[in-house]
> 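Below you'll find the structure I mean.
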Amino acid sequence: MARRLPLAYYQSDDVTGIARDLLGKILVTRFEGQLTAGRIVEAEAYMGPVDRASHAWNNRRTARTEVMFSAGGVAYIYLCYGIHHMMNVVTGPAGQPHAVLIRALEPLEGLDIMGQRRNLAVDHPRLTVGPGALARAMGLHVQWSGTSLTRRQSPLWIEEASSLSPESICAGPRIGVDYAGEAASWPWRFFIRDSAWVSARRKCT
DNA sequence: CACGGGATCGTCT
DNA sequence: GACGATCCCGTGT
């Protein structure tokens with residue numbers, strides 16, 4: 001098993017840099033002894049205070065978004081459309097509510113478990129594609145919002161992996177944030193150009 | 001492949 | 001009481 005990303009990794013100010021750098025890293029969960037893992041192939045940065053697409057826009061604090069204001073290195077998981085659980089990585093120092101939404105994985109381990117959770121065949125091409133889909137496949141649920149990604153006993157974490165070449169990474173506008181005005185066009189969605197496991201528009205911009 | 005609609009509920013107005 | 005950082009299935013081309 002590879003080394004876990006250290007706490008300092010998450011506490012950088014540079015949320016777009018982290019979103020880009022998380023590509024290729026391995027997201028792992030072990031809930032009730034069931035190990036599942038996938039390679040991050042698509043992620044979006046949400047820059048808290050200045051980003052109208054962010055739940056923490058203008059430093060808005062609510063019970064739900066409070067974990068976004070924690071120091072980086074914890075999960076922010078929320079329920080979307082009453083159905084889908086969205087997995088985010090909180091980044092930055094305490095008080096700075098930046099986060100990275102994990103949008104797609106390439107499944108690596110525990111595919112049988114993922115298939116059961118998704119009620120799909122193990123070799124389904126969309127087993128872990130899309131934020132709601134991957135959260136379900138990995139067993140992620142709002143009950144785990146606020147959980148550390150770095151504590152030794154944590155059931156979810158991210159493992160180190162070699163960096164990708166800049167040419168293999170694409171950037172473009174984020175998905176589903178049309179309500180966010182000017183922020184909707186900011187190119188803060190990052191994905192691996194050649195991955196078959198990317199969720200939406202594949203064109204590089 | 002593109003589009004449209006239904007599912008479903010916590011959160012904030 | 002309205003509305004999502006979505007998904008899946010159906011229809012039509």
Side-chain angles (χ1 to χ4, degrees), chain A residues 15-16 18-20 22-23 27 36 38 40-70 72 74-92 96-107 114-147 149 156 170-191 196-203 205:
Chain A
V15 64
T16 56
I18 294 174
R20 172 187 288 268
L22 280 172
L23 299 179
L27 177 65
T36 51
I40 299 169
V41 300
E42 180 181 355
E44 289 176 349
Y46 286 84
M47 197 179 285
V50 302
D51 181 0
R52 196 165 159 190
S54 169
H55 292 165
W57 175 46
N58 207 20
N59 281 314
R60 195 166 55 112
R61 299 178 92 116
T62 68
R64 177 176 68 158
T65 61
E66 191 60 33
V67 299
M68 299 182 81
F69 292 83
S70 330
V74 301
Y76 168 52
I77 305 175
Y78 68 92
L79 186 64
C80 186
Y81 292 94
I83 302 176
H84 304 290
H85 299 259
M86 303 280 125
M87 168 66 190
N88 298 255
V89 176
V90 173
T91 72
Q96 184 179 254
H98 295 174
V100 176
L101 172 68
I102 309 300
R103 284 196 54 91
L105 302 175
E106 173 187 342
M114 293 179 179
Q116 286 167 21
R117 287 171 174 159
R118 291 267 287 137
N119 197 24
L120 288 177
V122 163
D123 60 356
H124 194 284
R126 300 176 60 77
L127 191 63
T128 51
V129 177
L134 79 86
R136 183 160 175 200
M138 298 287 288
L140 294 160
H141 185 281
V142 289
Q143 75 180 99
W144 298 106
S145 193
T147 302
L149 300 172
L156 58 153
C170 295
R174 295 168 293 180
I175 305 296
V177 298
D178 296 342
Y179 59 86
E182 185 185 332
S185 65
W186 296 346
W188 288 355
R189 168 177 179 249
F190 303 97
F191 58 99
W197 300 91
V198 168
S199 75
R201 307 191 294 271
R202 301 174 154 280
K203 207 167 61 170
T205 53

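Source: prediction; values computed, not measured. Values reported hereafter were calculated over all heavy atoms of this structure, with side chains retained and with hydrogens, waters and symmetry mates removed. The sequence lines fix the lettering, A, B, ..., with proteins before strands; numbering per chain opens at 1.
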> Under 4.0 Å, counting only non-hydrogen atoms across every strand here, what does A:Arg64 touch: a base, just sugar-phosphate, or nothing?
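Sugar-phosphate contact only - A:Arg64 comes under 4.0 Å of backbone atoms but never of a base.
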> If each of A:Gly82 and A:Ser199 is mapped to the nucleotide of DNA chain C with the nearest heavy atom, which maps nearer the 5' terminus, i.e. the 5' end?
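Between the two, 5'-proximity favours A:Gly82.
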> Would you kindly check if the NZ (Lys) or CZ (Arg) of A:Arg61 is within the cone defined by 45 degrees around the ring axis of A:Phe69 and under 6.0 Å from the six-membered ring centre?
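Positive - A:Arg61 is close enough to the ring of A:Phe69 and near enough to its axis.
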> Any sub-3.5 Å donor-acceptor pair from A:Ser145's side-chain atoms to A:Val142's backbone N or O?
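The answer is no, because no donor-acceptor pair under 3.5 Å joins these two groups.
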> Among the candidates C:dT6, B:dG10, C:dC7, find the nucleotide nearest to the side-chain atoms of A:Ala133.
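Closest nucleotide to the A:Ala133 side chain: C:dC7.
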> With no hydrogens and no angle check, do the side chains of A:Tyr46 and A:His55 hold a donor and an acceptor under 3.5 Å apart?
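Their side chains do not contain a donor-acceptor pair, so the 3.5 Å distance test is not met.
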> How would you label the contact of A:Arg118 with the nucleic acid (heavy atoms, under 4.0 Å): base, sugar-phosphate, or nothing?
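Sugar-phosphate, no base atom in range.
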> Hunt down the Watson-Crick or G-U wobble partner of B:dA2, both distances under 3.5 Å, from any strand shown, or write none.
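The base-pairing partner of B:dA2, which may sit in any strand shown, is C:dT11.
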> When you measure from the side-chain N and O atoms of A:Tyr179 to the phosphate of C:dA5, is any distance below 4.0 Å, counting only OP1 and OP2?
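So the side-chain polar atoms of A:Tyr179 do come within 4.0 Å of the phosphate oxygens OP1 or OP2 of C:dA5, strictly under.
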> Check the phosphate of B:dT11 against A:Thr62, side-chain N and O only, distance under 4.0 Å to OP1 or OP2. Yes or no?
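Looking at the OP1 and OP2 atoms of B:dT11, neither is under 4.0 Å from any side-chain N or O of A:Thr62.
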> Is A:His84 close enough to C:dA5 that one of its side-chain N or O atoms is under 4.0 Å from OP1 or OP2 there?
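False: A:His84 side-chain N/O out of range (4.0 Å or more) of C:dA5 OP1/OP2.
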> So what does A:Arg136 hit on the nucleic acid, given a heavy-atom distance under 4.0 Å: a base, only sugar-phosphate, or nothing?
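No contact.
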> Scan every strand shown for a Watson-Crick or G-U wobble partner of B:dT8, both distances under 3.5 Å, and answer none if you come up empty.
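Paired with no nucleotide.
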> With a 4.0 Å cut-off on heavy atoms, is A:Ala53 in touch with a base, just the backbone sugar-phosphate, or nothing at all?
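The answer is base, as A:Ala53 lies within the cut-off (heavy atoms under 4.0 Å) of a base atom.
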> Would you say a side-chain N or O of A:Arg103 is under 4.0 Å from OP1 or OP2 of C:dT6?
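Answer yes for this pair, as a side-chain N or O of A:Arg103 is under 4.0 Å from OP1 or OP2.
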> Distance under 6.0 Å and angle within 45° of the ring axis: does A:Arg103 meet both against A:Phe191?
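No, A:Arg103 does not lie over the aromatic ring of A:Phe191.
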